[in-house]
Novice: 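Got a structure here, written out as structure tokens. Questions coming.
We number each residue from 1, following the sequence as shown.
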Amino acid sequence: MYDLVITKHAHEQYCRRVEEIERDELIRRLKSELRLDKPPYYLFRALNSWWVCEVNGKTIVVVTCYGNGHMDIPKALRWAKLHNDRLRLDDDVI
């Protein structure tokens, strides 16, 4: 069984990109959607959002949230790496 920790950055990104929510409530929602008997892949989808995590021992540390959207984040990250580029998820980017 794994413990789930959400970094301040991941919480802030979720609040900025998806909805304002208390950190404890976000942890509760993520725990209800994830199976904590095995760690997720470093990039996972939960609560209709893409997340990045690291596993440290028996702790899953959620590092950031890419937010909701139709973009296939794993595919976009592979493309960005191939082209020495990065993703911008700002609202003002067209």
Side-chain angles (χ1 to χ4, degrees):
M1 193 59 129
Y2 287 81
D3 292 319
L4 184 69
V5 174
I6 297 178
T7 63
K8 180 180 178 187
H9 176 76
H11 176 243
E12 288 172 350
Q13 292 295 36
Y14 184 84
C15 289
R16 189 170 73 82
R17 294 179 172 152
V18 181
E19 67 174 327
E20 285 289 327
I21 187 173
E22 292 293 324
R23 185 189 203 120
D24 290 339
E25 176 63 13
L26 182 57
I27 291 170
R28 187 191 67 72
R29 287 185 192 178
L30 275 175
K31 281 183 174 180
S32 73
E33 204 165 302
L34 291 177
R35 287 185 50 209
L36 294 180
D37 57 336
K38 64 177 187 166
Y41 184 64
Y42 88 95
L43 188 63
F44 67 96
R45 191 152 173 89
L47 303 177
N48 232 10
S49 294
W50 285 101
W51 303 84
V52 174
C53 73
E54 297 173 347
V55 178
N56 295 327
K58 286 289 189 181
T59 304
I60 299 168
V61 180
V62 180
V63 179
T64 195
C65 174
Y66 286 116
N68 297 349
H70 66 279
M71 185 186 304
D72 183 335
I73 296 289
K75 186 175 182 179
L77 287 172
R78 285 191 298 273
W79 183 93
K81 184 177 181 181
L82 181 67
H83 296 299
N84 197 27
D85 206 345
R86 59 189 181 149
L87 302 181
R88 278 195 61 191
L89 302 172
D90 302 339
D91 293 336
D92 60 345
V93 176
I94 297 177

Novice: Can you name the nearest heavy-atom pair linking Glu22 to His11, along with the distance?
Specialist: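 Scanning both residues, the minimum pair turns out to be C-NE2, 3.7 Å.
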Novice: Could you give the distance from SG (Cys65) to CD (Glu12), rounded to the nearest 0.5 Å?
Specialist: 12.0 Å
Novice: Using the side-chain hydrogen bond (donor to acceptor under 3.5 Å, both in side chains) criterion, which residues pair with Arg28? Sequence neighbours excluded.
Specialist: Glu25
Novice: Decide yes or no on side chain to side chain contact (heavy atoms under 4.5 Å, CB included) for Arg23 and Lys8, but give the supporting numbers first.
Specialist: CA-CA 9 Å; Arg23 185 189 203 120; Lys8 180 180 178 187; 4.1 Å; yes
Novice: Name all residues meeting the side-chain hydrogen bond (donor to acceptor under 3.5 Å, both in side chains) criterion together with Thr7; count only those two or more places apart in sequence or in a different chain, and write none if there are none.
Specialist: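 Result, side-chain hydrogen bond (donor to acceptor under 3.5 Å, both in side chains) vs Thr7: none returned.
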Novice: Just jot down the side-chain hydrogen bond (donor to acceptor under 3.5 Å, both in side chains) partners of Asn68, sequence neighbours excluded, or say none.
Specialist: Ser49
Novice: What pairs of residues pass the salt bridge (Lys or Arg N to Asp or Glu O under 4.0 Å) test when at least one of them lies in residues 34-49, not counting sequence neighbours?
Specialist: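 Sorted pair list: Arg35-Asp37.
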Novice: How would you list, by chain and number, every residue that makes a side chain to side chain contact (heavy atoms under 4.5 Å, CB included) with Asp72, sequence neighbours excluded?
Specialist: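 Once residues adjacent in sequence are excluded, the partners of Asp72 under the side chain to side chain contact (heavy atoms under 4.5 Å, CB included) criterion are Pro74, Lys75.
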Novice: Could you list the cluster mates of Ile21? Members are the ILVMFWY residues connected by side-chain heavy atoms closer than 4.5 Å, either directly or through other members.
Specialist: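 Answer for Ile21: Met1, Tyr2, Leu4, Ile6, Tyr14, Val18, Leu26, Ile27, Leu30, Leu34, Leu36, Phe44, Leu47, Trp51, Val55, Ile60, Val62.
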Novice: Under the salt bridge (charged side-chain N to carboxylate O under 4.0 Å, His left out) test, which residues partner Glu33, sequence neighbours left out?
Specialist: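 Listed in chain order: nothing, the list is empty.
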Novice: My understanding is that only residues two or more places apart in sequence, or in another chain, count here; which of them pass side-chain hydrogen bond (donor to acceptor under 3.5 Å, both in side chains) with Glu20?
Specialist: none
